[in-house]
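Heads up, the thing below is written out as structure tokens.
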Amino acid sequence: MDSPELSFSLVYLVLSLCFVLTPNEFQSAGLTVQNLFSSLLGSEDLDFIRYHIRRSSVTVLLHSGLPLGYFVGMLMAAAENHHYQVSDLWRMFQVVSICLHIFCWVLVFYWSRHHWSNHPISKALQAHVHHPHTNWVSMAMAVNTEFRRVDKFATGAPGARIIVTDSWLLKVTTYHIHMVLQTDGHVTVTESRQHHRSLDSPSPTQILTLRVGSVNPAVRPFTIRLNLAEFSEFREKLQSPIRASPHVVIHQTISDLFLDTFRAQVDLNQAYSLPSGQEVEPCIGCMQVPANTKIITLCHTADSEDDLECQQCLCRPMWCVMCLGRWFASRQDQERPETWLSSKARCPTCRARFCILDICTVR
């Protein structure tokens, strides 16, 4: 093979793999199906299910056209070689590429019949139809409504996301959406791997592999992978308990250890009694539990002239202890967790400085 053909093959192979696997550099440059065809796909927030039905269909067509694109590109790269002969193997590759692309067009056309009711995502929803829903369309509307809520758990790249809403556990892949109703599902931690280096964190990272199953026989089990730092939030949003295989050891992160100590210290602090007539409002951080903390200067440093000492906070109870603990930890030096308990942070609402001793439990 001459140099132009070899160069084109290497470049096309690398670009094709990057387009299919979409590394962070391609996502940052906008070279993804979601960005290139955003006008055709619509809005994920407004119509989550139909967005991914269109996205997966466009992805199938694009990926199936890559072999044919390689064949055409090779012919152009070899055009200067007038003695270049197309071998029988290349003719077979051409036929297979064309047939593959035509088959995918026919497949997508079949999926689109009857308002996309033949699509794998539609059929997956149909397997979960229950009262008061009558078909997959009404189920899709319910999923769309829950996806628009701000309290959902979502992590991962656009083509490989894990989403947990009030009723659903969803795994978005390149060509499909695996889904399980929370009332029917059960989750088991099957594997734990320790990675000593991570692009997102200088500290060791633990990756958990979870197997998601369902009591519904029409739903096939699937696996998801989560960073240990995201596991606690995932567990809080999940309604069913998570089981662990006997050989799996789940370590606590530094943030989890700090939150346990933070909550224990707040319980030891002086309690705060609400004035008569004042009602407890939901926590504005998670909107799931009542706001059960109040910042009151108790460390006897409010009258100090030091600019770094605690200040009076006049806010009403607005945060739960876990959300306030996460906020406190996020404002600290992440490289020195041993100093977190003795450090200070600013009130997320009024910006008054406080320490852990100033946090009172609302009674």
Supply the atom-to-atom distance [X] [atom1] to [Y] [atom2], rounded to the nearest 0.5 angstrom.
| X | Y | atom1 | atom2 | answer |
| --- | --- | --- | --- | --- |
| N227 | I162 | CG | CD1 | 12.5 Å |
| Q332 | S342 | CD | OG | 8.5 Å |
| H52 | H176 | NE2 | NE2 | 12.5 Å |
| F328 | L341 | CZ | CG | 7.5 Å |
| F71 | R91 | CZ | CZ | 8.0 Å |
| F8 | M74 | CZ | CE | 7.5 Å |

Does the pair L66 and V20 meet the rule for a side-chain contact (heavy atoms from CB on, under 4.5 Å), with working shown?
CA-CA 10 Å; L66 291 176; V20 173; 3.8 Å; yes
Looking at E281 and R316, is any side-chain nitrogen of the basic one under 4.0 Å from a carboxylate oxygen of the acidic one?
yes
Candidates R50, R148, R55, R161 - the one meeting salt bridge (charged side-chain N to carboxylate O under 4.0 Å, His left out) with E44
R161
Could you walk me through whether F19 and V33 pass side-chain contact (heavy atoms from CB on, under 4.5 Å), step by step?
CA-CA 9 Å; F19 184 70; V33 173; 4.0 Å; yes
Is the shortest side-chain heavy-atom distance between [X] and [Y] below 4.5 Å?
| X | Y | answer |
| --- | --- | --- |
| R220 | H178 | no |
| L226 | L210 | yes |
| V58 | L40 | yes |
| L169 | F234 | yes |
| L274 | V362 | yes |
| S57 | W116 | yes |
| D166 | D151 | yes |
| L17 | L13 | yes |

Greater than 12 external heavy atoms within 6.0 Å of [X]'s [atom1]:
| X | atom1 | value |
| --- | --- | --- |
| F109 | CZ | no |
| Q278 | CD | yes |
| E233 | CD | no |
| R149 | CZ | yes |
| R336 | CZ | no |
| H115 | NE2 | no |

Verify whether one side chain among H63 and T174 offers a donor that lies under 3.5 Å from an acceptor in the other.
no
Taking every non-hydrogen atom, the tightest pair across [X] and [Y]:
| X | Y | result |
| --- | --- | --- |
| T190 | R211 | CG2-CB, 3.8 Å |
| L170 | V143 | CD1-CG1, 4.2 Å |
| S117 | K123 | O-CG, 4.0 Å |
| W136 | I49 | CZ3-CG2, 4.3 Å |
| W340 | A329 | CZ3-CB, 4.1 Å |
| V289 | C320 | CG2-CB, 3.5 Å |

Give the C-alpha distance, both sets of side-chain angles, the deciding distance and a yes or no for side-chain hydrogen bond (donor to acceptor under 3.5 Å, both in side chains) between H119 and S56.
CA-CA 10 Å; H119 195 281; S56 59; 2.9 Å; yes
Do [X] and [Y] sit in one hydrophobic cluster, given that two such residues count as connected whenever their side-chain heavy atoms are within less than 4.5 Å of each other, even indirectly?
| X | Y | result |
| --- | --- | --- |
| V129 | V215 | no |
| F354 | L357 | no |
| W105 | L68 | no |

Please check: side-chain N/O of N292 versus main-chain N/O of V321, any donor-acceptor pairing under 3.5 Å?
yes
Decide side-chain contact (heavy atoms from CB on, under 4.5 Å) for T349 and W319; before the verdict, give the C-alpha distance in whole Å, the side-chain angles of both, and the deciding distance to 0.1 Å.
CA-CA 10 Å; T349 308; W319 300 84; 3.4 Å; yes
Distance to the ring centre below 6.0 angstrom and angle to the axis at most 45 degrees; does that hold for K237 and F153?
no
In terms of relative ring orientation, are F262 and F258 parallel, tilted or perpendicular, with 30° and 60° separating the classes?
tilted
